[in-house]
Amino acid sequence: MPTDAATLDLLCVNTIRGLSMDGVQKANSGHPGLPMGAAAFAYALWSRHLKHSPKNPHWFDRDRFVLSAGHGSMLIYSLLHLTGYDLTLEDLQNFRQLNSRTPGHPEYHHTAGVEVTTGPLGQGFAHAVGMAIAEKWFAATYNKPGHEIIDHHTYVLCSDGDLMEGVTYEASSLAGHLGLGKLVVLYDDNDISLDGPTSLSFSEDVVKRFEAIGWDAVRVDGMDIDAVDAAISAAKLITDKPSIICCKTIIGFGSPHKQGTQKSHGSPLGLDEVKLTKEALGIPLEPTFYVPEEASAKFLEAVSNGIASEASWTTRFAAYAEAFPKEAEELQKLINSDFGTAWVDALPSFSADKSQATREVSRDVIQAIAAHHKGLIGGNADLSESTFALQKSSGDFSRENPSARNIFYGVREHAMMAATSGLVLHGGLRAFGGTFFNFVDYCKPSIRLAALMGIPTIAVFTHDSIGLGEDGPTHQPVEQLTGLRATPNLNVIRPADGNETAVAWKMALESSDHPTALILTRQKVANVTPEDVQDHPSERGGYVLIDTESEPDVVLIGTGSELGLAISAAKILGEKGIAARVVSMPSVFTFERQEPAYCESVLPPAIPAVAVEAGATMGWFKYADAVIGIDRFGMSAPADQIYKALGVTAESIVQTVEYLL
């Protein structure tokens with residue numbers, strides 16, 4: 001039995017190590033090294049600093065903890081179980097098993113207390129930057145003198161691999177620029193990566209690097225609980241810049257033959273080595289998954305501490321509400337993700353006598369709803385003059401003006417989309433990020449994670465096709481639509497005109513369980529769809545825009561700027577005696593979620609169909625017998641010349657239909 005605090009702390013740390021190695025060994029799969037090496041500094045954070053409420057994991061003013069090094073998932077699972085979250089010992093014993101609550105890498109919405117899905121290195125770090133921006137915005141917007149009701153930190157545990165990833169460079173540079181003082185990163189500096197010593201590929205001075213981009217950076221002995229405790233305390237006092245604490249550790253600590261080597265990184269220690277390690281650490285060999293009563297009692301102090309912290313905050317919020325009732329009501333609605341309906345009523349519609357690029361329409365929609373949607377925040381990757389994805393009247397977010405709602409991400413597409421999801425994950429906000437569509441390659445991993453997490457992140461992608469013209473094939477996205485549509489749980493919407501664009505924003509902002517990618521044109525398009533944006537058929541994903549008097553001979557499917565070509569082709573075909581139905585299909589994702597009878601009424605199986613889209617054709621053969629598209633890279637020329645040269649014209653559609661029939 002522990003006789004002093006230091007002995008009890010060591011018992012707790014070794015309990016984390018024991019659970020972690022047992023979980024990996026039982027699964028015969030996983031990463032024991034990080035949890036065993038990082039256990040001491042993680043314990044220092046969780047037992048002495050982390051403000052959280054295990055019985056209410058969604059308490060709004062909790063500190064956020066992000067395990068960016070998601071491969072060390074048994075660390076966070078052990079901590080969650082020990083501190084009283086809804087994660088049982090049996091869950092730990094089912095690590096990496098089918099349908100367990102302890103998957104191989106942490107998954108948001110799947111395990112109580114997991115704030116972000118992590119595993120792809122660097123993503124958690126970059127998402128945490130978005131969370132820290134959200135905290136800074138909420139504090140600046142709603143705190144009042146004597147009423148600091150928004151006051152929490154975002155903590156990140158990252159690895160050598162995280163720091164090597166480009167997205168971390170982008171995100172950390174942005175965080176330093178914005179002075180995110182409530183962001184604290186604990187770097188597990190163990191000198192080992194999967195291939196061997198980090199000296200094979202990583203030799204920079206991390207402290208100097210972070211100091212150069214505006215961070216406070218220190219080195220400590222990561223195996224010394226008190227030293228880490230002191231470093232975190234010091235970091236919390238620094239309010240004008242983020243902090244990184246480089247914690248020197250030994251990977252796989254305690255393992256006689258594998259500690260300090262890559263052999264403990266990504267494979268179980270093995271039964272014999274587990275036995276030797278437990279003997280070295282003073283952990284009983286039986287039972288496995290051993291939790292001493294004294295350690296359990298210490299860890300479970302988090303439950304009572306969390307209840308007390310939350311109760312104190314509730315009392316303070318009541319006092320705030322009495323002093324500032326309007327602000328309190330507005331804040332409470334945001335906390336509840338209640339964004340009202342005024343913004344929906346403010347959606348503009350667009351008449352048939354006007355032509356606009358859908359990126360311009362998107363700008364008009366954002367301006368129309370900005371004042372009515374208090375939780376709308378977003379920005380651009382140095383392209384606001386081209387994407388128009390900004391709220392003109394909402395100010396520019398900066399360290400001097402943190403209550404503004406326009407974020408200038410710079411040329412950092414990857415960090416932008418990760419931070420955008422971090423804003424959403426924090427809670428209380430709807431966030432968007434804008435760039436050119438062809439640059440989706442620079443941020444695809446973050447979009448994929450948003451889809452995996454089922455969060456309503458919004459990506460605004462403009463310059464959507466060869467229609468951008470003279471910038472040429474380097475900027476013309478021909479394969480990107482197919483790639484994004486292949487991503488599960490991602491709603492890709494390519495509106496054809498102003499009204500479909502307004503509805504696309506409505507769908508994106510009303511989503512609760514999936515992200516949305518808005519795909520918008522640079523070139524002007526005519527308004528050809530119904531003007532009633534409050535009850536528009538495009539909300540079903542695909543619909544009959546122009547029908548025939550009798551049963552059609554052919555169905556023409558169009559999206560975006562090519563819907564106009566389908567309409568023109570239908571007129572020519574009509575003059576030739578061929579009855580052509582025109583279907584607008586802005587969202588395959590939404591269309592496929594309609595009842596089968598509706599889908600068949602739009603696309604009757606017995607009637608041949610031709611799809612037209614200025615992009616890769618492969619995805620359309622599910623719906624069409626022939627496709628007018630582009631299965632090559634584009635070219636540099638005025639847009640109308642490119643369309644003609646590549647055969648994406650009304651005449652090509654007509655010829656294809658005649659051949660098909």
Side-chain angles (χ1 to χ4, degrees), residues 343-344 347-348 350 356-370 373 376-381 383-384 386-391 409 413 416-417 420-421 423-424 430-440 443-444 446-448 450-451 455-465 467-468 477 480-485 487 489-512 514-523 525 529 533 536 538-539 541-542 559-563 584-591 613-615:
W343 68 270
V344 179
L347 286 168
F350 301 87
Q356 282 181 285
T358 54
R359 63 169 177 157
E360 296 173 333
V361 174
S362 174
R363 171 199 60 201
D364 295 343
V365 172
I366 293 172
Q367 306 324 312
I369 67 177
H373 196 303
L376 184 62
I377 188 170
N380 285 265
L383 286 170
S384 61
S386 295
T387 67
F388 305 142
L390 76 166
Q391 303 172 74
Y409 287 102
E413 296 89 353
M416 175 185 69
M417 288 314 307
T420 299
S421 287
L423 287 160
V424 175
R430 286 290 181 268
F432 62 86
T435 188
F436 290 171
F437 188 27
N438 208 42
F439 300 158
V440 65
C443 54
K444 178 64 162 55
S446 297
I447 295 172
R448 182 180 187 274
I455 59 174
T457 302
I458 301 171
V460 181
F461 291 126
T462 68
H463 297 61
D464 71 340
S465 69
L468 65 87
Q480 310 292 27
L481 277 163
T482 300
L484 281 193
R485 286 180 181 139
T487 305
N489 202 41
L490 173 64
N491 191 4
V492 180
I493 309 180
R494 188 173 186 240
D497 69 353
N499 297 306
E500 283 194 356
T501 303
V503 176
W505 267 105
K506 179 175 182 286
M507 294 166 67
L509 288 168
E510 288 182 339
S511 167
S512 61
H514 61 262
T516 302
L518 303 178
I519 315 300
L520 308 173
T521 69
R522 176 181 184 267
Q523 74 271 34
V525 293
T529 74
V533 297
H536 197 278
S538 63
E539 289 201 62
T559 81
S561 49
E562 287 71 69
L563 182 62
S584 179
M585 185 79 77
S587 171
V588 172
F589 175 92
T590 305
F591 182 72
E613 185 172 70

Value rounded to 0.5 Å, distance of [atom1] in [X] from [atom2] in [Y]:
X    : Y    : atom1 : atom2 : answer
L484 : I447 : CG    : CD1   : 6.0 Å
I493 : F461 : CD1   : CZ    : 13.0 Å
H463 : Q523 : NE2   : CD    : 9.5 Å
T420 : I455 : OG1   : CD1   : 9.5 Å
R430 : L376 : CZ    : CG    : 10.0 Å
R359 : T387 : CZ    : OG1   : 8.5 Å

State, to 0.1 Å, how close [X] and [Y] come at their nearest heavy-atom pair, and which atoms those are.
X    : Y    : answer
A502 : L347 : O-CD2, 3.9 Å
A496 : V525 : O-CG2, 3.3 Å
S421 : T457 : OG-OG1, 2.9 Å
L383 : T435 : CD1-OG1, 3.4 Å
V503 : S538 : CG1-OG, 3.4 Å

Side-chain touch [X]/[Y], heavy atoms, less than 4.5 angstrom:
X    : Y    : result
P586 : T559 : no
I458 : P515 : no
T462 : R522 : no
T529 : H536 : yes
L518 : T358 : no

| What's the verdict on side chain to side chain contact (heavy atoms under 4.5 Å, CB included) for W343 and L509, showing C-alpha distance, side-chain angles and the deciding distance? | CA-CA 10 Å; W343 68 270; L509 288 168; 3.5 Å; yes

| message | Is it true that, when you exclude R448 itself, more than 12 heavy atoms of the residues, nucleotides or ligands shown sit nearer than 6.0 Å to its CZ? | response |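 For R448, atom CZ is not crowded (no more than 12 foreign heavy atoms under 6.0 Å).
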
| message | Whether the S561 and T521 side chains hold a donor-acceptor pair (N or O, under 3.5 Å, no angle test) is what I'd like checked. | response |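 Not at all, the side chains of S561 and T521 share no donor-acceptor pair under 3.5 Å.
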
| message | Quick one about S362 and T501 (side-chain donor to acceptor, distance below 3.5 Å, no hydrogens or angles considered), yes or no? | response |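 Distance-only check fails for T501 and S362.
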
| Between D464 and R494, is there a side-chain N and carboxylate O pair less than 4.0 Å apart? |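 Yes, charged N to carboxylate O under 4.0 Å.
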
| query | Would you find a donor on one side and an acceptor on the other, under 3.5 Å apart, between the side chain of S511 and the backbone of H514? | reply |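 Pair found, side chain donor or acceptor close to backbone of H514.
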
| Exam field: side chain E413 to backbone C443, donor-acceptor pair closer than 3.5 Å |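 No; judged by distance alone, with no hydrogens or angles, the pair does not exist.
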
| query | Got a sec, which residues hit ring pair (Phe, Tyr, Trp, His ring centres under 6.0 Å) with F439, two or more places apart in sequence or on another chain? | reply |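 By the ring pair (Phe, Tyr, Trp, His ring centres under 6.0 Å) rule, F439 matches F436, Y442, H475.
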
| Step-by-step side chain to side chain contact (heavy atoms under 4.5 Å, CB included) determination, F388 to V460 | CA-CA 9 Å; F388 305 142; V460 181; over 6 Å; no

| query | Hey, mind stepping through Q356 and D364 against side chain to side chain contact (heavy atoms under 4.5 Å, CB included) and telling me if it holds? | reply | CA-CA 11 Å; Q356 282 181 285; D364 295 343; 3.1 Å; yes

| said: Assess the residue pair M417 and Y409 against the criterion (side chain to side chain contact (heavy atoms under 4.5 Å, CB included)); give the C-alpha distance rounded to whole Å, side-chain angles, the decisive distance to 0.1 Å, and a yes or no. | reply: CA-CA 10 Å; M417 288 314 307; Y409 287 102; over 6 Å; no

| With sequence neighbours left out, which residue pairs that include part of residues 495-510 fulfil the salt bridge (charged side-chain N to carboxylate O under 4.0 Å, His left out) condition? |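 Sorted pair list: K506-E510, K506-E539.
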
| Identified side-chain contact (heavy atoms from CB on, under 4.5 Å) partner of F589 from the options N489, T516, V492 |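 Result: among N489, T516, V492, N489 is the only option passing the side-chain contact (heavy atoms from CB on, under 4.5 Å) with F589.
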
